[in-house]
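All remarks here apply to the structure that follows.
All chains are named by letter (A, B, ...) in the order of the sequence lines, taking the proteins before the strands, and each is independently numbered beginning at 1.
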2 protein chains.
Amino acid sequence: MLKVVGKDGGGEVRSMNDSMTNGDAPPETVGEMGSDEAAPKARRGTGRRLHGAIAHKLGAAIVSGEYRPGDTLSGEVAFSEALDVSRSAYREAVQVLSAKGLVESRPKTGTRVLPRSRWNLLDPDVLAWAFSGEPDIHFVRSLFELRAIVEPAAARLAAERRDKTDLKDMRDALGAMRRHTLATDAGRAADRDFHNAVLSATRNDALVVLSASIGAAVAWTTQFKQRSRALPRNPVPDHVKVYDAIAAGDVEAAGEAMRLLVDLALEDTRSAMEG
Amino acid sequence: MLKVVGKDGGGEVRSMNDSMTNGDAPPETVGEMGSDEAAPKARRGTGRRLHGAIAHKLGAAIVSGEYRPGDTLSGEVAFSEALDVSRSAYREAVQVLSAKGLVESRPKTGTRVLPRSRWNLLDPDVLAWAFSGEPDIHFVRSLFELRAIVEPAAARLAAERRDKTDLKDMRDALGAMRRHTLATDAGRAADRDFHNAVLSATRNDALVVLSASIGAAVAWTTQFKQRSRALPRNPVPDHVKVYDAIAAGDVEAAGEAMRLLVDLALEDTRSAMEG
DNA sequence: TCCTTTATATTACTCCGACATATTAGTTTG
DNA sequence: CAAACTAATATGTCGGAGTAATATAAAGGA
């Protein structure tokens with residue numbers, strides 16, 4: 001009934017952060033919706049598919065702690081009806097969450113939220129969901145700690161193995177960083193490009209993949225930095241030091257310069273979030 | 001036609017490692033099957049669902065290079081018919097692969113394999129698929145290099161932050177390692193437990209998640225080690241050195257002991273795979 | 001009394017066939 | 001020759017029917 005889905009007739013971009021706050025129903029099964037039939041309906045923006053939008057909605061709700069580990073979602077039929085989507089779309093969304101280790105579905109038991117340790121927190125999508133709300137400061141510190149471990153070591157490897165192409169990529173990224181500031185999208189993209197170029201120069205696939213995750217997280221936090229106050233420092237000189245050391249093949253200096261860069265970024269982010 | 005699916009009338013547990021070797025169709029669209037209608041049908045073992053089995057089959061085929069980046073899978077209807085499964089099951093499998101960054105589906109264009117850089121190589125499932133066939137030696141080296149970066153740093157953090165519970169977990173794991181050898185499943189599990197305990201002691205969620213990925217990869221390579229020749233060295237003393245340093249709170253010694261441990265493991269694996 | 005086995009109910013899983021939507025490619029028109 | 005329009009095609013979405021698996025409860029045996 002009244003399943004007007006297609007036919008974008010009228011802006012039906014309903015609110016997202018609406019009811020579904022089941023704080024009064026502490027027992028177990030979540031996903032119920034008290035209201036009669038006005039559906040929450042997480043509508044997608046252009047390009048995103050419906051099941052993608054549902055996965056985003058549910059994933060964000062899970063990582064934000066709205067659904068806690070051990071909770072069991074209300075059944076497929078009930079939940080898909082509550083969201084006003086077909087069971088197919090809902091199931092495909094659940095498959096995505098299951099693939100990322102957020103939930104597990106079994107007959108008779110239902111689909112329940114897995115413990116945090118099973119979550120694929122380094123998955124770019126999961127990171128995006130985690131940062132779509134208020135990010136957990138503790139988790140952000142974890143990410144920067146990981147970055148402080150990985151990136152200096154990567155810079156050392158890059159100083160050993162880089163070739164002319166890698167150096168050119170880094171120079172290009174540095175130039176773009178100089179032209180645009182970190183306040184613009186282009187500037188942040190250039191920052192990512194620089195770090196990606198360093199990681200790529202390590203000739204290590206695992207590190208490159210990890211860079212995609214860390215880079216995404218750093219991009220989010222950088223945006224938070226910008227939100228709170230104007231950029232406090234010009235990041236280009238620090239990056240140039242890293243480049244110079246890598247270009248010179250100086251392993252120790254490269255690692256040290258990158259360590260300094262990450263430490264400063266962490267300092268900025270911490271003061272921005274705590275302050 | 002003749003899609004007798006349900007009603008288990010007759011054992012329809014077809015073969016798994018069957019045809020679908022499209023080495024002779026190099027152009028682009030893959031997934032075609034020359035034979036008339038004898039379906040390949042990747043059947044699942046108990047517990048695994050059908051779409052999970054399909055995802056495993058396709059995922060393994062992609063990471064093993066059978067389908068190369070840029071290739072376009074034949075349409076949903078054609079491919080699902082070729083696999084003798086419903087379109088729904090096939091679509092759910094593709095959603096899983098899409099969630100892990102292996103493929104991307106768009107209307108009209110079809111489903112195509114994404115470039116390696118988009119793959120979520122640290123995802124436990126993807127790692128399992130990568131190691132289900134002959135693992136790429138270069139990739140294994142990358143993983144150990146990452147391990148050599150992360151684990152010593154983690155040991156240093158653990159030496160700072162561990163509490164009594166962490167130390168007890170490590171002791172228990174060491175005891176289990178002593179009782180069983182690395183040749184048994186229980187022994188390998190104990191090895192994983194020890195490293196997980198170290199990572200947990202860092203109080204860093206990102207590191208813990210990474211440990212799940214690295215641990216899985218190490219487990220696979222350890223099995224390969226065992227396959228080639230009897231275990232060449234008793235790993236317990238090296239682990240004890242790490243434990244002693246962490247228990248004593250000696251940051252430098254912990255990092256150094258762990259570095260040595262990982263280096264030796266890499267050495268063993270390399271000689272086992274190259275030899 | 002306790003453990004094992006069987007029955008049952010609930011839930012996810014699979015299948016199907018139709019329609020909607022988006023994107024590319026070809027066609028027409030200015 | 002270029003831009004807008006039309007048509008074809010593959011993915012996306014839908015709803016309903018039926019199957020398989022499993023946790024819980026009941027019955028039986030030690």
Side-chain angles (χ1 to χ4, degrees), chain A residues 1-9 12 28-29 31 39 41-55 72-98 103-113, chain B residues 1-13 28-32 39 41-55 71-99 103-112:
Chain A
M1 55 298 252
L2 61 92
K3 186 62 63 63
V4 254
V5 203
K7 224 67 194 125
D8 70 325
E12 90 299 10
E28 264 209 351
T29 58
K41 193 71 155 292
R43 255 303 178 229
R44 59 184 183 281
T46 62
R48 265 154 72 199
R49 316 289 173 223
L50 181 52
H51 58 259
I54 300 170
T72 138
L73 277 55
S74 46
E76 284 184 351
V77 275
F79 213 153
S80 58
E81 260 177 31
L83 292 167
D84 196 24
V85 298
S86 73
R87 276 184 49 218
S88 312
Y90 173 77
R91 276 188 57 79
E92 288 180 7
V94 170
Q95 293 301 330
V96 172
L97 298 182
S98 174
V103 302
E104 188 180 49
S105 296
R106 297 174 58 183
K108 177 69 178 180
T109 307
T111 78
R112 42 182 47 199
V113 179
Chain B
M1 52 303 251
L2 61 94
K3 185 63 68 56
V4 254
V5 204
K7 227 61 191 127
D8 70 325
E12 90 297 10
V13 182
E28 262 208 353
T29 57
V30 290
E32 322 278 7
K41 190 70 155 293
R43 255 304 179 223
R44 61 186 181 281
T46 62
R48 268 153 70 198
R49 317 282 176 233
L50 181 52
H51 58 259
I54 300 171
D71 284 356
T72 299
L73 274 57
S74 45
E76 284 184 343
V77 274
F79 213 152
S80 58
E81 257 177 33
L83 292 167
D84 195 24
V85 299
S86 73
R87 214 162 76 102
S88 312
Y90 173 77
R91 274 186 59 80
E92 287 181 7
V94 170
Q95 293 301 331
V96 171
L97 298 182
S98 174
V103 302
E104 188 179 49
S105 294
R106 298 176 56 184
K108 179 69 177 178
T109 306
T111 303
R112 43 182 46 200

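Spacing between atom OH of Tyr90(B) and atom C1' of dT11(D) amounts to 11 Å, rounded to whole angstrom units. Regarding Glu104(B), its CD atom lies at a distance of 14 Å from the C1' atom of dT23(C), rounded to whole Å. As a whole-Å value, the separation of Glu81(B) CD from dC15(C) P is 12 Å. Between Phe79(B) atom CZ and dT9(D) atom C1' there is a gap of 19 Å when expressed in whole angstrom units. Taking atom CZ of residue Arg49(A) and atom P of nucleotide dT11(D), one finds them 12 Å apart after rounding to whole Å. What separates CZ of Arg48(B) from C1' of dA12(C) is a distance of 18 Å, to the nearest Å. Between the P atom of dG12(D) and the CD1 atom of Ile54(A) lies a distance of 13 Å, rounded to the nearest Å. Across the protein-nucleic acid pair, Arg112(A) atom CZ and dT22(D) atom C1' stand 13 Å apart, rounded to whole Å.
Nearest-nucleotide positions on DNA chain D place Ala89(A) closer to the 5' end than the other of Ala89(A) and Pro107(A).
For the atom pair OG (Ser88(A)) and CD (Glu76(A)), the distance works out to 9.5 Å, reported to the nearest 0.5 Å. Ser98(B) OG to Glu92(B) CD: the interatomic distance, rounded to the nearest 0.5 Å, is 13.5 Å. Between Leu97(B) atom CG and His51(B) atom NE2 the span is 11.0 Å, to the nearest 0.5 Å.
Minimum atom distance to the side chain of Val85(B) is reached by dC15(C), of the listed dC15(C), dT13(D), dA12(C). Distances were taken from every side-chain heavy atom of Lys108(A) (C-beta onward) to each of dA23(D), dA21(D), dT11(D); the shortest belongs to dA23(D).
Applying the 4.0 Å criterion to OP1 and OP2 of dA12(C), one finds that Arg106(A) has every side-chain N and O outside that range. Regarding contacts with the backbone of dC14(D), a side-chain N or O of Ser86(A) is found under 4.0 angstrom from either OP1 or OP2. The side chain of His51(B) places no N or O atom within less than 4.0 Å of a non-bridging phosphate oxygen (OP1 or OP2) of dC13(C). Within the 4.0 Å cut-off from OP1 or OP2 of dG12(D), at least one side-chain nitrogen or oxygen of Arg91(B) is found.
Among all heavy-atom pairs drawn from Val94(A) and Thr111(A), the shortest one is CG1-CG2, 4.5 Å.
Between the side chains of Arg87(B) and Ser80(B), no donor-acceptor pair of N or O atoms lies under 3.5 Å.
In terms of polar N and O atoms assigned as donor or acceptor, the side chain of Ser88(B) comes within less than 3.5 Å of the base of dC16(C) in a complementary pairing. Judged by distance alone with a 3.5 Å cut-off, no donor-acceptor contact links the side chain of Arg87(B) to the base of dG17(C).
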